[in-house]
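Below is one structure, written out as structure tokens, with a few remarks after it.
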Amino acid sequence: MAGVSRETVKELIKLRSEPDWLAEIRLKAWETFEKTPLEQSSMYVRHTDLRSVDLKTLEALPSPRSSNLPAELETYIKESSESSLHLQVDSSLAKVSPAAELARKKVIFTDISTAIKQHRDLIEPYFRNRAIKAEEDKLVALNTALFANGVFLYVPNDVHLEAPTRSVKVLNKLGVGMFNLSIIVMGNGSKATFVEEGYSGDHQTNKIQSLQSNVLEIHLGEGAELNTADIQSFSNNVVIFTNRRALSGRDSNLNWVACPLGGQFTRANTSAILDGPGANAQQVEVVFGSGEQQFDLASTLSHIGQHTTGDIYSTGVFKDKSKGMFKGMIKIGKTGIGSNSFLSEHSLLLNPQARADAIPALEIETNDVKCSHSASVAQIDEEQIFYLMTRGLDEQTARSVIVKGFFESALRKVQLPDLKERVAGFLDEKWERGR
Amino acid sequence: MVYELEVKDLHVSVDGKQILKGVNFKVKQGEIHAIMGPNGSGKSTLAYTIMGHPRYKINNGEIILNGESIGGLTADKRARKGLFLAFQYPVTVSGVNLTSFLRSSYDSIHSPNGTPGKGGVPFIQFKRTLDQKLNLLQIDPSFTSRYLNEGFSGGEKKKCEILQMAMLEPRIAVLDETDTGLDIDALKVVAEGVNKLAGPDLGVAIITHYQRILRYISPQFVHVMFEGKIVHSGGKELADQLEEKGYGWIKGGA
Ligand SMILES: Nc1ncnc2c1ncn2[C@@H]1O[C@H](COP(=O)(O)OP(=O)(O)OP(=O)(O)O)[C@@H](O)[C@H]1O
Ligand SMILES: [Mg+2]
């Protein structure tokens, strides 16, 4: 059945034989979706807001026959027996393969539907008391009503996972509505890596839009450590709405990396709520826009606990007619005494028609904190080009060296070397591809 | 063949302002020249123009390398013909690893077909040369894992320029105030570096307005620039005269 309506929600509930408590949550979220007005943003012009995605034709329900993985993508996905993989093609789950160490360590890594069936006691509280409320955001309400896939990762106290866990999303068909909800629960003193990757089959030129809606909620126990990344190179007929939030416990550590490269329009809201004293969060965002792509990216650090620390590094390179907006926000509440926060938003424009805006915001309600920010939007410096050319590099190579150096300035903040290399690889590839 | 760079009646303007007003100058492989002159006399303008900075417009005159007029070539092509400029103010390029930058630079100059990045000189050979030059210039190898001029002190920037010169093995090098901003120890290191690189294959033009570097590097020719022209040329004794009397006595013109 095509289209998205209250009926679709009911259909999904039936299809998955979901329990009443969840059915209730979904239907209530649908109501919220319907009555919430569209968010206002200066970027939401024609073709980029939800109105441009045709909710009447979008195919949101998982199809009974799972579609196949496009052959050209197999090389990217590089399955390895060491890392745990959640793979979905369009709205259908293709496979979940937990690494061997998971069972031994009593770690749960499964798709969200299975988790609801098999681990109700563990997961229900996180649905009853969501990290991101449906009322906050129309798109989160829609996601709650319609999520059909996603990962549930549960790492017990003091368990350290060696290899990364991955959630790979592939858009193969056209006009798909892919709704994902992932919940990560990190026990006290636990440690893990979670990487989300998005790919499209080869339909760059097709005008039929797909919608990718992604919600990620992270709960960090005391002293827990999570490295997480979201890298996507969907084709440019995809509209992407992402909400991520972490609730950080005492002395926990969160490093997240976002690298949106694809899509026609990406709106991502990322926030870390540093509740526990001594919690730390670092957000690295690296964007590379081309063509007519648009990125609306908001990152928030909310310092509630004492002596919490956080950094946001947003870096963007925009060529052709692409546009980017970085909305960085640091909030230090009355209780956030002794917090230390840093926000940086830097963009490089490669064409006169490219655009970037940095909108830093600081809301500080207590003294005795350290808080600073830096922001810039600039063209490539002609003096840099000349300098490199005097060393024998032709102009094009000189530009390329400068852009890669600019990316490197952000990437050097990425803590895991493997992850850094991965992200650098994606950026390189987009640079070489030239679009 | 002995390389020769010749600047002939060079008139140059930048952003519409006439700065060089007829400069004549010649340097051959194996020679060391000093170009001196007060602030604002046009020394850096001459250096930039020789190297092909796009903002510096040649209104009259020529730059000739071995009989070929190179005034229309871009900087990278001039570099591949054996010209080098050590910048008065080296430019920072954030996030660019010095080793990999030296590699692409080395490749673009030394690989036979001159296509940067492709094919090129085998890494082993490059690395051997790099280690050799680091040793020669007494630079700690860990230096090359830093980013290009990022967070470098004044002295480190100048050393980095000399390291690049050593790697690229130019035939004619212009060193624009490579001595300024250095303390006496750094100055010795840089001067020794230049001396080690100088020889029959390298022609050097050292731009400076201090006498002190000339205690370590001995030029055969000294030129004095004033208001966009070379107004005096002579041997080393000219530098001594400048030390004694300052630039005041030149003002009357040549
Ligand atoms: N972009 C520009 N627009 C206008 N005037 C310029 C520009 N660049 C340089 N000039 C002027 O040209 C003149 C020569 O400058 P140049 O840098 O060549 O002098 P210099 O001899 O190297 O001086 P210094 O010893 O201070 O390095 C100066 O008067 C300078 O102000
Ligand atoms: Mg100068």
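Sequence lines set the chain letters: A, B, ... in the order given, protein chains first and strands last, and positions in each chain run from 1. Just so you know, these numbers use all the heavy atoms, side chains as well, and skip hydrogens, waters and symmetry mates.
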So which of B:A79, B:P54, B:A75 has the biggest tally of heavy-atom pairs under 4.5 Å with chain A? B:A75

Are more than 12 heavy atoms, taken from residues, nucleotides or ligands other than B:E169, located less than 6.0 Å from that residue's CD atom? yes

Does B:Y56 have its ring centroid less than 6.0 Å away from the ring centroid of A:F386? no

Donor-acceptor contact present, side-chain B:S105 to main-chain A:R391, <3.5 Å: yes

How about NZ on A:K430, more than 12 heavy atoms from neighbouring residues, nucleotides or ligands closer than 6.0 Å, or not? yes

Can you tell me how far the CG atom of B:N149 sits from the CD atom of A:Q384, to the nearest 0.5 Å? 10.5 Å

So do the side chains of B:P90 and A:Y387 get within less than 4.5 Å of each other, counting heavy atoms only? yes

Rounded to the nearest 0.5 Å, how far apart are OG1 of B:T74 and CD1 of A:I385? 12.5 Å

Using non-hydrogen atoms only, which part of B:L148 is less than 4.5 Å away from chain A: side chain, backbone, both, or neither? side chain

Tell me whether B:K8 at atom NZ has more than 12 heavy atoms from other residues, nucleotides or ligands lying less than 6.0 Å away. no

Is there a side-chain contact between B:S104 and A:L393 in this structure, where contact means two heavy atoms from C-beta onward sitting under 4.5 Å apart? yes

Take A:E383 and B:Y89, measure what side-chain hydrogen bond (donor to acceptor under 3.5 Å, both in side chains) needs, and give me the verdict at the end. CA-CA 11 Å; A:E383 297 305 317; B:Y89 304 107; over 6 Å; no

A:K370 atom NZ: more than 12 heavy-atom contacts under 6.0 Å: no

Select one option (side chain, backbone, both, neither) describing which atoms of B:T92 are under 4.5 Å from chain A's heavy atoms. backbone

So for B:Y48, is it side chain, backbone, both, or neither that comes closer than 4.5 Å to the heavy atoms of chain A? both

Is there side-chain contact between B:V96 and A:I402, with heavy atoms separated by less than 4.5 Å? no

Heavy-atom count check: over 12 atoms from other residues, nucleotides or ligands less than 6.0 Å from A:Q396 CD? no

When you check the gap from the basic side-chain N to the acidic O, do B:K77 and A:E395 get nearer than 4.0 Å? no

Measure the spacing between OG1 of A:T390 and NE2 of B:H53 and express it to the nearest 0.5 Å. 10.0 Å

Over 12 foreign heavy atoms within 6.0 Å of CD, B:E150: yes

